[in-house]
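Since the structure is predicted, the reported quantities are computational estimates derived from the model, not experimental observations. When a ligand or atom number is given, it counts from 1 through the structure's own listing order.
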Amino acid sequence: MPEKFVTRGFVGRREPAGTQTKRIPPGQHLVKDFPVLSAGPTPRTDLAKWTFRIEGLVKEPVSWGWNEFQKLPAQDFVKDISCVTKWTKLDTRWRGVSVDILLEQVELDRRAAFVTAFSDGGYTTNIPLPELVNGQAFVAYGYDGKPLAPEHGGPARLVVPHLYFWKSAKWVRGLRLMDRDVAGFWESLGYNNHGDPWKEERYTGD
Ligand SMILES: Nc1nc2c(c(=O)[nH]1)N[C@H]1C(S)=C(S)[C@@H](COP(=O)(O)O)O[C@H]1N2
Ligand SMILES: [Mo]
């Protein structure tokens, strides 16, 4: 079967037949475009006023301005993402800072177990702390070799690729460490608290 789409992603990255199918979680279908899903308008934050903050159950909160954030050690990440509305996109290419690097800058209170990511515009999402560390999550400001577009969360968004994409807070401004789990925006509107696409944790009770 000929490939329906020939993209840069396919050139030099041929995989055996069926490999891609195995990477698509149950109930999902593959997309080649990059849909935009936002619960409200796209905020426009002046980079001069932008900060990224780690607060809550830490000895001292820390906050970086935009230029300081750019000086943190960055990495390229190539990840598959799955939205609960059933699209999956393979090999998305991001540039950003691992949450591990960010958390190195604070002393965590031993009670810290859950994180709320908070964003411009008021969006929040909750993630257990162990699922943000050890290379599992990053704050991205680049996508496909360019600055992250505002509609996709620029200037910076959280990316937690192993969970449904609503956990990847766009326009993210910080992480709040907490001792208990507090439902975020979609989690309090009937979406699953955890959101593992491989277990189809879509809605409350799944
Ligand atoms: N701040 C904020 N982050 C958000 C959202 C949102 O509405 N606001 N939507 C979430 C949902 S439901 C999805 S699927 C992804 C969509 O990201 P995209 O628009 O870059 O595809 O962002 C997530 N992060
Ligand atoms: Mo979503």
Side-chain angles (χ1 to χ4, degrees), residues 7 9 23-47 49-55 66 69 76-97 99 115-128 131-132 136-176 182-204 206:
T7 68
R23 289 165 62 188
I24 303 171
Q28 298 289 113
H29 66 267
L30 197 59
V31 297
K32 294 292 172 192
D33 61 340
F34 194 171
V36 172
L37 284 103
S38 305
T42 296
R44 306 274 166 169
T45 307
D46 185 356
L47 289 185
K49 294 195 183 120
W50 185 93
T51 54
F52 189 90
R53 192 176 152 82
I54 300 181
E55 60 178 44
W66 182 256
F69 201 85
D76 293 315
F77 300 87
V78 180
K79 296 290 176 185
D80 303 343
I81 53 177
S82 287
C83 171
V84 73
T85 62
K86 302 202 166 175
W87 56 267
T88 289
K89 189 169 173 61
L90 302 180
D91 295 320
T92 60
R93 304 163 65 86
W94 306 88
R95 184 154 185 88
V97 181
V99 170
V115 174
T116 287
F118 54 92
S119 298
D120 274 325
Y123 187 86
T124 56
T125 187
N126 54 307
I127 302 140
E131 299 205 38
L132 285 180
Q136 295 180 96
F138 52 93
V139 174
Y141 48 70
Y143 181 79
D144 242 354
K146 294 192 258 328
L148 180 60
E151 65 269 26
H152 286 300
R157 80 180 296 166
L158 183 66
V159 183
V160 192
H162 73 285
L163 299 176
Y164 282 124
F165 207 33
W166 86 76
K167 298 286 186 181
S168 294
K170 303 200 277 191
W171 316 298
V172 72
R173 293 290 299 274
L175 303 176
R176 186 175 308 126
V182 176
F185 179 79
W186 285 120
E187 293 85 358
S188 60
L189 289 172
Y191 284 86
N192 191 272
N193 195 55
H194 183 231
D196 181 342
W198 292 98
K199 296 180 183 161
E200 282 209 82
E201 294 171 338
R202 297 178 190 274
Y203 307 107
T204 309
D206 282 351

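Relative orientation of the Phe52 and Phe69 rings is tilted, given thresholds of 30° and 60° on the angle between their planes.
Annotation for ligand 1: atoms under 4.0 Å from non-hydrogen atoms of Ser168 are 22 (O), 23 (C), 24 (N). Of all atoms in ligand 1, listed by their number and element, those nearer than 4.0 Å to a heavy atom of Cys83 are 14 (S). Less than 4.0 angstrom separates some heavy atom of Val36 from each of these atoms of ligand 1: 19 (O). Distances below 4.0 Å separate heavy atoms of Ser119 from the following atoms of ligand 1: 1 (N). For ligand 1 and Trp171, the ligand atoms under 4.0 Å from any heavy atom of the residue are 1 (N), 2 (C), 8 (N).
Between Tyr191 and Tyr164, the gap from one ring centroid to the other reaches at least 6.0 Å. Taking the ring centroids of Trp94 and Tyr143, they lie under the 6.0 Å cut-off.
In this structure the side chain of Ile127 reaches within 4.5 angstrom of the side chain of Leu158, judged on heavy atoms. Looking only at side-chain heavy atoms (C-beta outward), Arg202 and Lys86 come within less than 4.5 Å of each other.
Classification of Arg173 and Glu55 as a salt-bridged pair fails, no side-chain N sitting under 4.0 Å from a carboxylate O.
For Phe34, no nitrogen or oxygen atom sits less than 3.5 Å from a nitrogen or oxygen atom of ligand 1, counting backbone and side chain alike. Close N/O approach between Ser38 and ligand 1 is not found [any backbone or side-chain N/O within under 3.5 Å]. Considering both main-chain and side-chain atoms, Lys170 comes within under 3.5 Å of ligand 1 through a nitrogen or oxygen pair. Residue contacts with ligand 1: Pro35 is placed with a nitrogen or oxygen under 3.5 Å of a nitrogen or oxygen of the ligand (distance criterion only). Looking at ligand 1, you'll find an N or O of Ala39 within less than 3.5 Å of one of its N or O atoms.
The nearest protein atom to atom 16 (C) of ligand 1, hydrogens excluded, is given as Leu37 O, 3.5 Å; this is a heavy-atom distance. Among all protein heavy atoms, the one lying closest to atom 13 (C) of ligand 1 is Phe165 O, 3.7 Å.
Distances shorter than 4.0 angstrom occur between a heavy atom of Trp87 and an atom of ligand 1. Residue-ligand proximity: Gly121 is placed with every non-hydrogen atom at 4.0 Å or more from ligand 1. Residue contact annotation: Arg157 has a non-hydrogen atom under 4.0 Å from ligand 1. For Trp186, the heavy-atom gap to ligand 1 drops under 4.0 angstrom.
Contacts between Trp166 and ligand 1, counted as non-hydrogen atom pairs separated by less than 4.0 Å, involve both the backbone and the side chain.
Defined by atom type and a distance below 3.5 Å, a donor-acceptor pair is missing between the side-chain atoms of Thr116 and Asn126. At a cut-off of 3.5 Å, with distance as the only test, no side-chain donor of Trp186 or Ser188 sits close to an acceptor on the other residue.
Figure legend: Arg176 and Phe118 shown as a cation-pi pair, the cationic atom lying under 6.0 angstrom from the six-membered ring centre and within 45 degrees of its axis.
No option in Gln136, Lys167, His194 other than His194 meets the side-chain hydrogen bond (donor to acceptor under 3.5 Å, both in side chains) test with Glu131.
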**Item:** Candidate pair Val78 and Thr92, rule side chain to side chain contact (heavy atoms under 4.5 Å, CB included), full reasoning
**Value:** CA-CA 5 Å; Val78 180; Thr92 60; over 6 Å; no

